[in-house]
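Taking it in order: structure first as structure tokens, then the write-up.
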2 protein chains.
Amino acid sequence: MSYYVTMGRTPPHPEVSQFDLQQVLEALVDPVRRSIVTQLDSAGEDIKCGDFDMPVTKSTATHHFKVLREAGLIRQYYVGTARMNALRRAEMDEAFPGLLDALTTPARQPA
Amino acid sequence: MSYYVTMGRTPPHPEVSQFDLQQVLEALVDPVRRSIVTQLDSAGEDIKCGDFDMPVTKSTATHHFKVLREAGLIRQYYVGTARMNALRRAEMDEAFPGLLDALTTPARQPA
DNA sequence: GCAAAAGTACGATCGCTGTCAAACTTCGAC
DNA sequence: GTCGAAGTTTGACAGCGATCGTACTTTTGC
């Protein structure tokens, strides 16, 4: 367990300047992934992969986290064997003002 | 050419109370459809199907308009042989405040 | 060291959707 | 009425992406 090894397990994260609207929308259009974002937003704190409420297997969950991470929506880091997930709120707001607000705010009319 | 016939050609439109976020996002995730919405928004007036700048054939365009209409994003009506398209801005804002703003406002950071 | 826990990687399905071409319908103009 | 313009409908096709199971890796705790 060295610092180097830990870094080697840190996946790549895009910078704000690299955020792409198309990619972000493709990430958010999936209900499971949108639920992940919503849970992170309402929790207000980082959540480990295994602690989300999700109707899919672990391998599928890994896929969803990867899509969210590569779009810039979440930041992932390890704590022991657990992978923590943090919502990149401020950075998303900087790139796409109002977008996350519109999606995390409960809708007015719809059922 | 009677009033009845004209009505018979009017396609069904959902009411605001029936708008569904999932459906709206699925409509807006497609670049061609998002471009349609953007063009309507910046034009500020109704546009006929044939007057949009689109990289697809007519039959594909028909499909895209249908998806947008069924999601509640546009309202369609006939004027002669031309089918006009109106952005349902106010109704969308009522159902999902800030969503269209976030998508029609040019992004800050991204390329 | 070893086993268990937590995720990841890889292949394989499988359904959905964006696309087109071709045939058809509707309306307006002449 | 005939013709052209404008869209629609239908069927086919291709590619993508969500899903799962299985095998693998990494770390912690004993």
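Each chain gets a letter, A, B and so on, in the order the sequences are listed, and its residues count up from 1.
- Separating the CD atom of A:Q76 from the C1' atom of D:dT26 is a distance of 16 Å, rounded to the nearest angstrom.
- B:N85 places its CG atom 14 Å from the P atom of D:dA6, with the value rounded to the nearest Å.
- Here the P atom of nucleotide D:dA18 and the CG atom of A:L28 are 12 Å apart, to the nearest Å.
- Straight-line distance from the CE atom of A:M54 to the C1' atom of C:dA6: 12 Å, rounded to whole Å.
- The distance between atom CD of A:E26 and atom C1' of D:dA18, rounded to the nearest whole Å, is 14 Å.
- Between D:dC20, C:dT19, D:dA18, one nucleotide has an atom nearer to the side chain of A:T60 than all others, and that is D:dC20.
- Listed nucleotides C:dC20, D:dT19, D:dG21 differ in distance to B:V56; the shortest reach to its side chain belongs to C:dC20.
- Distance from the side chain of B:T62 is smallest to D:dG7 among C:dG7, D:dG7, D:dA18.
- In this structure, CZ of B:R33 is placed 8 Å from P of C:dT19, rounded to the nearest angstrom.
- Of the candidate nucleotides C:dA6, D:dG7, D:dA18, D:dG7 has the atom nearest to the side chain of B:A82.
- In terms of position on DNA chain D, the residue among A:D30 and A:V79 whose nearest nucleotide sits closer to the 5' end is A:D30.
- The residue A:H64 sits close only to the backbone: its heavy atoms come under 4.0 Å of sugar-phosphate atoms, none of a base.
- Whole-Å rounding puts the A:K58 NZ to D:dT22 P distance at 14 Å.
- Proximity note for A:T81 (side chain, C-beta onward) versus D:dT19, C:dG18, D:dT27: the nearest is D:dT27.
- Taken together through direct or relayed side-chain contacts under 4.5 Å among Ile, Leu, Val, Met, Phe, Trp and Tyr, B:L28 and B:V32 form part of one hydrophobic cluster.
- A:I74 and A:M54 fall within the same hydrophobic cluster, where Ile, Leu, Val, Met, Phe, Trp and Tyr residues are linked whenever their side-chain heavy atoms come under 4.5 Å apart, directly or through other members.
- Here the CZ atom belonging to A:R89 is positioned 4.5 Å from the OG1 atom belonging to A:T104, to the nearest 0.5 angstrom.
- Counting heavy atoms from C-beta outward, A:Q39 and A:D53 have side chains that approach closer than 4.5 Å.
- Among the heavy atoms of the strands lying under 4.0 Å from B:K48 are primed sugar atoms or P, OP1, OP2 only; no base atom is included.
- Atom OH in B:Y77 sits roughly 17 Å away from atom P in C:dC27 (whole-Å rounding).
- Minimum atom distance to the side chain of A:C49 is reached by C:dG7, of the listed C:dG7, D:dT19, C:dC20.
- Distances were taken from every side-chain heavy atom of A:T57 (C-beta onward) to each of D:dC20, D:dT10, D:dT19; the shortest belongs to D:dC20.
- Counting heavy atoms from C-beta outward, B:L99 and B:V24 have side chains that approach closer than 4.5 Å.
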